[in-house]
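Letters go in sequence order (proteins before strands), and every chain restarts at 1. Worth saying up front: this structure is predicted, and the values here are computed from it rather than measured.
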Number of protein chains: 2
Amino acid sequence: MKQAPETATGTPATLWDRTRQMASQEILDTALRLFTEQGYDETTIAQIAREAGVSQRTLFRYFGAKEDLLGGDQDRFWQVLADTVGAQPADAGVWEALRAGVAAVLALHDSRAQALERFRLLHNTASLRAGWLEKRLRFQEGLLPLVEARMGVAAGRPDPRARAVIATVFACLDAASMTWVDNGGKGDLMDLYDECLAAVRG
Amino acid sequence: MKQAPETATGTPATLWDRTRQMASQEILDTALRLFTEQGYDETTIAQIAREAGVSQRTLFRYFGAKEDLLGGDQDRFWQVLADTVGAQPADAGVWEALRAGVAAVLALHDSRAQALERFRLLHNTASLRAGWLEKRLRFQEGLLPLVEARMGVAAGRPDPRARAVIATVFACLDAASMTWVDNGGKGDLMDLYDECLAAVRG
DNA sequence: CGACTACTTGGCAGTGACTGCCAAACTGCT
DNA sequence: AGCAGTTTGGCAGTCACTGCCAAGTAGTCG
């Protein structure tokens, strides 16, 4: 399992990489379909593997856990968010910088419908939500230095403020997306996010 | 498994209730001890059951899941928080009301040392944290009407603001308790909470 | 006191997610 | 073609958790 030397053309170089790519996509599509059709908890790994045409063992090699089958490549999301935040001008405030990052990630979704379906599953399935929150929290910790630098915190005494700001941003994103899902995907998620932040920050 | 008809004296009426109480406490103590000694993931249900002197089956009847073995009676925490918020004067703002609830819950811990140990396990164990966050999110939803009433939201169009406020409060509590743990339990948690909220709300 | 009921317990088998291990199949390079 | 490195599938095993059933124990009524 080496790095995939992605060429600039978008087509991976070797057959292996192409096969991996296809298998991965097939598994992801099958999983999302089954989750949507019969629910997350009611879908077993065995079933996904069978319908995707791979062994369970291979499925677990591609995706380390069942929850990773939803939400596609989350690492990419986090990467984009962190990069975007880092790329904001130095004189931009934390809130603006983070807002830009959130916007960049939301723009990453394939389609509005697919995004809605993902969020719906995420918010309605306890077991999924748990894992998702956990993963996100880990990312929040990773984001910490980036935000701390922007806030100019003293390195000596531990300062909770950066953590609080990051956590609040995600809290607002949660509130916004939950309301969005409850509302059947009507309106713009980013508007809801702004509304949440306004409610919090006065 | 009926309601325990707790008498005013604090001593449960029947032998059954007393036995249940003792078994429950024994399990909880054993679990916390083992978790602390060897870590959450490294401790199996079988081991806890063995050392607590009950069968696995019985253990699962008392506590539905492994994560419930930490944090004792969380339902009580939530109950206290909700009650306290509800008991705040009508003219108190949402933020003050929620702050009072948070303070009430934090005051519930047996000892500072035990609270620190619980938080430490919670923040350092991924699998635990996941379940905890999930449970909390469910509680947040339960708190929603209480907060909405206090904010005077219109019933018609779904409004994300109440959710955002609640989520932000917990986000700050998270940031505060994580920093508290990182700092070895020095200082007052409530002060850190206030600092977080100040950083967020300007 | 004895019987009858209600509740609790423990064991057992089973499910489902997930991991380590090993042999077989396959790709890429010479 | 032939070797080396990579991927795959199957198998057995671990662990959390559940349903089921038989046996034990507490409470109650005659």
Side-chain angles (χ1 to χ4, degrees), chain A residues 1-5 7 11-27 30-31 34-35 38-70 125-132 134-135, chain B residues 1-5 7 11-27 30-31 34-35 38-70 125-132 134-135:
Chain A
M1 220 180 260
K2 250 198 304 189
Q3 280 293 9
T7 68
T11 318
T14 75
L15 209 185
W16 273 348
D17 291 321
R18 253 175 293 143
T19 309
R20 286 184 69 77
Q21 182 76 19
M22 284 180 59
S24 171
Q25 198 56 51
E26 175 68 27
I27 293 171
T30 307
L34 290 176
F35 289 163
Q38 36 178 287
Y40 179 79
D41 288 325
E42 288 69 35
T43 306
T44 68
I45 293 285
Q47 188 185 8
I48 301 173
R50 204 182 324 121
E51 301 207 11
V54 295
S55 72
Q56 293 190 38
R57 198 66 193 78
T58 299
L59 191 154
F60 274 116
R61 260 192 285 258
Y62 277 78
F63 306 92
K66 188 182 179 185
E67 38 168 295
D68 293 340
L69 295 174
L70 193 76
T125 311
S127 40
L128 246 178
R129 205 165 35 171
W132 156 265
E134 213 300 297
K135 204 167 285 185
Chain B
M1 223 178 262
K2 249 199 304 187
Q3 280 293 12
T7 67
T11 318
T14 75
L15 209 184
W16 276 348
D17 289 322
R18 253 175 293 143
T19 309
R20 286 183 69 77
Q21 182 76 16
M22 284 180 59
S24 170
Q25 198 57 49
E26 175 67 27
I27 294 171
T30 307
L34 291 176
F35 289 162
Q38 38 179 292
Y40 179 80
D41 288 326
E42 287 69 35
T43 305
T44 67
I45 292 287
Q47 188 185 9
I48 300 172
R50 203 180 325 119
E51 300 207 12
V54 295
S55 70
Q56 294 190 37
R57 199 63 193 77
T58 299
L59 193 155
F60 274 116
R61 261 191 284 258
Y62 276 79
F63 306 93
K66 189 182 179 184
E67 38 167 294
D68 293 341
L69 293 175
L70 193 76
T125 311
S127 40
L128 247 179
R129 205 165 36 173
W132 156 266
E134 214 299 297
K135 204 167 285 185

In terms of heavy-atom contacts, Ala130(B) and Gly131(A) come closest through CB-N, 4.5 Å

Shortest non-hydrogen contact from Leu69(A) toward Ile27(A): CD2-CG2, 3.7 Å

Taking DNA chain D as the partner, which of residues 38-49 of chain B come within under 4.0 angstrom of it by heavy atom? Thr43(B), Thr44(B), Ile45(B)

Using side-chain hydrogen bond (donor to acceptor under 3.5 Å, both in side chains) as the criterion, list what pairs up with Glu67(B), not counting sequence neighbours. none

Roughly how many Å is it from [atom1] in [X] to [atom2] in [N], rounded to a whole number?
X        : N       : atom1 : atom2 : value
Gln56(B) : dC20(D) : CD    : P     : 19 Å
Leu59(A) : dG10(D) : CG    : P     : 13 Å
Met22(A) : dT27(C) : CE    : C1'   : 16 Å
Arg61(B) : dC12(C) : CZ    : P     : 14 Å
Lys66(B) : dT18(D) : NZ    : P     : 14 Å
Arg57(B) : dT18(D) : CZ    : P     : 7 Å
Glu67(B) : dC17(D) : CD    : C1'   : 12 Å
Phe60(A) : dG16(C) : CZ    : P     : 12 Å

Side chains of Leu70(B) and Phe35(B): does their closest heavy-atom pair fall under 4.5 Å? yes

So do Arg50(B) and Gln47(B) actually touch side chain to side chain, heavy atoms under 4.5 Å? yes

Between Tyr62(B) and dT8(C), is there a contact of a side-chain N or O with OP1 or OP2 at under 4.0 Å? no

Under 4.0 Å between a side-chain N or O of Arg20(B) and OP1 or OP2 of dT8(C)? yes

Lys66(B) to Phe60(B), cation-pi by 6.0 Å centre distance and 45° axis angle: no

